[in-house]
Protein chains: 2
Amino acid sequence: MITPAQRYERFLTELKAAGVRLTEQRKVIVKVLAEARDHPNADELYHRAYVLDGSVSLSTVYRTLRLLEDHGAIQRHDFDAGRARFENADSDHHDHLIDIDTGQVIEFRSERIEKLQAEIAAELGFDIVRHKLELYGRRRG
Amino acid sequence: MITPAQRYERFLTELKAAGVRLTEQRKVIVKVLAEARDHPNADELYHRAYVLDGSVSLSTVYRTLRLLEDHGAIQRHDFDAGRARFENADSDHHDHLIDIDTGQVIEFRSERIEKLQAEIAAELGFDIVRHKLELYGRRRG
DNA sequence: TTGACAGATGCAAGTAATTCGCAATAGCAT
DNA sequence: ATGCTATTGCGAATTACTTGCATCTGTCAA
């Protein structure tokens with residue numbers, strides 16, 4: 001199991017190797033991302049980073065998010081339209097189940113669904129580059 | 001196979017039955033939607049409607065889209081973040097495969113995937129209310 | 001058919017999320 | 001330490017959509 005600290009180091013190493021300048025602000029934002037156990041949006045990330053370092057601005061959060069996304073370090077989601085959410089991309093691929101009553105996001109993975117998707121795309125003459133599978137449900141009770 | 005004209009009449013009947021006022025603008029917008037074979041966004045719908053009736057405004061397009069969505073007559077999609085697209089909701093449920101090179105949207109349906117999704121949700125203790133499955137792919141060549 | 005009125009419309013202004021221009025600042029290689 | 005260039009914060013701009021308000025128009029009762 002990878003720890004937040006390990007993930008943080010891994011992020012920095014990766015960025016450095018890519019020739020990215022390691023500014024104080026980027027380090028803080030990356031740290032916040034590495035420690036996130038949820039799927040925060042830009043504003044939430046900004047607030048968490050600001051607490052650690054008041055020199056972080058929202059603009060830089062947005063710029064850093066794009067940078068990290070371009071480097072494949074994080075993943076962007078659009079669960080609810082109008083507000084992107086982010087998560088580390090180092091873990092295995094998974095899909096999401098969103099509790100429509102609480103907004104809670106549950107991660108899951110199904111080999112069978114992955115395989116079926118590839119089959120369907122192949123039948124239509126396509127190769128899948130990425131996909132989005134979100135289940136919106138209500139807890140049984 | 002339902003024709004655009006039939007779909008148009010069905011829309012009007014449905015709205016009238018719901019006590020919705022049938023204004024000239026709404027009729028034009030509904031007509032454009034009934035005839036759409038693609039998944040147009042608000043702006044595209046506005047332009048198509050404007051050609052038929054210059055008294056249609058973008059505001060009314062947005063207001064009508066929300067009205068129709070609330071009545072379950074159309075479906076909203078957020079394929080690419082930032083721009084919602086719409087389609088008639090009268091056809092059977094289907095998912096979408098988006099060609100990342102051309103933006104073309106292909107519809108498909110897989111019973112097996114639908115069933116798997118329900119199974120997965122059940123395992124996690126949820127009932128699915130709705131879901132979103134979008135495959136983003138590239139044509140084989 | 002007409003008249004009244006609640007609900008719908010266009011316009012322009014307002015939001016919310018995100019991006020951008022620019023002058024000041026700070027990594028990092030030397 | 002120094003210089004070059006990328007990066008930053010700020011506020012303004014952009015995009016997609018929503019809303020306030022005065023005016024207009026379906027609809028229904030007479």
Side-chain angles (χ1 to χ4, degrees), chain A residues 11-33 39-71 73-86, chain B residues 11-32 39-71 73-86 103:
Chain A
F11 270 146
L12 293 191
T13 309
E14 194 179 325
L15 291 175
K16 189 160 224 168
V20 169
R21 208 176 268 194
L22 290 185
T23 66
E24 203 42 47
Q25 291 89 338
R26 282 179 180 167
K27 284 193 245 175
V28 173
I29 295 165
V30 158
K31 184 165 217 237
V32 168
L33 278 163
H39 299 71
N41 61 37
D43 205 57
E44 289 165 341
L45 289 167
Y46 165 61
H47 286 301
R48 295 180 200 177
Y50 189 86
V51 171
L52 299 181
D53 182 343
S55 84
V56 173
S57 74
L58 185 56
S59 299
T60 295
V61 169
Y62 274 111
R63 283 191 276 235
T64 303
L65 286 171
R66 195 153 31 144
L67 179 81
L68 294 172
E69 195 191 359
D70 289 347
H71 281 272
I74 60 171
Q75 264 218 304
R76 171 191 305 265
H77 296 293
D78 297 290
F79 296 143
D80 29 20
R83 233 185 173 75
R85 301 216 211 166
F86 301 85
Chain B
F11 270 147
L12 293 191
T13 308
E14 195 177 326
L15 291 176
K16 190 158 222 169
V20 169
R21 209 178 267 194
L22 290 186
T23 65
E24 204 41 50
Q25 291 89 339
R26 283 179 180 165
K27 284 194 243 174
V28 173
I29 295 165
V30 158
K31 183 163 218 236
V32 168
H39 299 68
N41 61 37
D43 206 56
E44 289 165 341
L45 290 168
Y46 165 61
H47 287 301
R48 295 179 200 178
Y50 189 85
V51 171
L52 300 182
D53 181 344
S55 83
V56 173
S57 76
L58 185 56
S59 299
T60 295
V61 168
Y62 275 112
R63 283 192 274 236
T64 302
L65 286 171
R66 196 154 27 144
L67 178 82
L68 294 172
E69 195 191 0
D70 290 347
H71 281 274
I74 58 171
Q75 266 219 302
R76 169 191 307 266
H77 296 292
D78 298 287
F79 298 142
D80 29 18
R83 239 188 167 73
R85 300 217 210 166
F86 301 84

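Atoms considered below: every heavy atom in the structure, side chains included; atoms not considered: hydrogens, waters and symmetry mates. Keep in mind that this is a model prediction, so the values were computed, not measured. Proteins come first, then strands; the chains are lettered A, B, ... in the order of their sequence lines, and each starts at number 1.
For the pair A/Leu65/A/Leu33, a side-chain contact is recorded, criterion being any heavy-atom separation below 4.5 Å from C-beta on. When side chains are defined from C-beta on, B/Arg26 does not count as touching B/Ile29, because their heavy atoms never get closer than 4.5 Å. Side-chain contact between A/Tyr50 and A/Val61 is absent, with no heavy-atom pair separated by less than 4.5 Å.
Separating the CZ atom of B/Arg26 from the C1' atom of C/dA8 is a distance of 6 Å, rounded to the nearest angstrom. Look at OH on A/Tyr50: it is 16 Å from P on D/dT8, rounded to the nearest Å. Atoms CG (B/Asp78) and P (D/dC17) sit 8 Å apart, rounded to a whole Å. Residue B/Lys27 contributes atom NZ, which lies 12 Å from atom P of C/dT9 at whole-angstrom precision. With rounding to whole Å, B/Asp53 atom CG is found 11 Å from D/dT25 atom P. D/dC10 atom C1' lies 11 Å from atom OH of A/Tyr46, rounded to whole Å. Spacing between atom CG of A/Leu67 and atom C1' of D/dT8 amounts to 14 Å, rounded to whole angstrom units. Counting to the nearest Å, the C1' atom of D/dT18 and the CZ atom of B/Arg76 are 12 Å from each other.
For a distance-only test at 3.5 Å, the side chain of B/Arg21 qualifies as a donor-acceptor partner of the base of C/dA6. For B/Ser59 and D/dT19, a side-chain-to-base donor-acceptor distance below 3.5 Å is present, hydrogens and geometry of angles not being considered.
Within 4.0 Å (heavy atoms only), A/Leu22 reaches sugar-phosphate atoms of the nucleic acid but no base atom. Residue contacts for B/Arg66: at a heavy-atom cut-off of 4.0 Å it reaches the sugar-phosphate backbone alone, with no base atom in range.
Summarising the geometry, atom CG belonging to B/Asp53 is positioned 10.5 Å from atom NZ belonging to B/Lys27; distances are rounded to the nearest 0.5 Å. Taken to the nearest 0.5 Å, the CG atom of A/Asp43 stands 12.5 Å off from the CZ atom of A/Arg85.
Residues A/Thr23 and B/Glu24 each lie close to DNA chain D; by heavy-atom proximity, the contact nearer the 5' end of the strand is made by A/Thr23. DNA chain C is contacted by both A/Asp43 and A/Arg63; A/Asp43 maps to the nucleotide lying nearer its 5′ end (nearest heavy atom per residue). Both A/Val56 and B/Arg85 lie near DNA chain D, and the one whose nearest nucleotide falls closer to the 5' end is A/Val56.
The side chain of B/Tyr62 places no N or O atom within less than 4.0 Å of a non-bridging phosphate oxygen (OP1 or OP2) of D/dT18.
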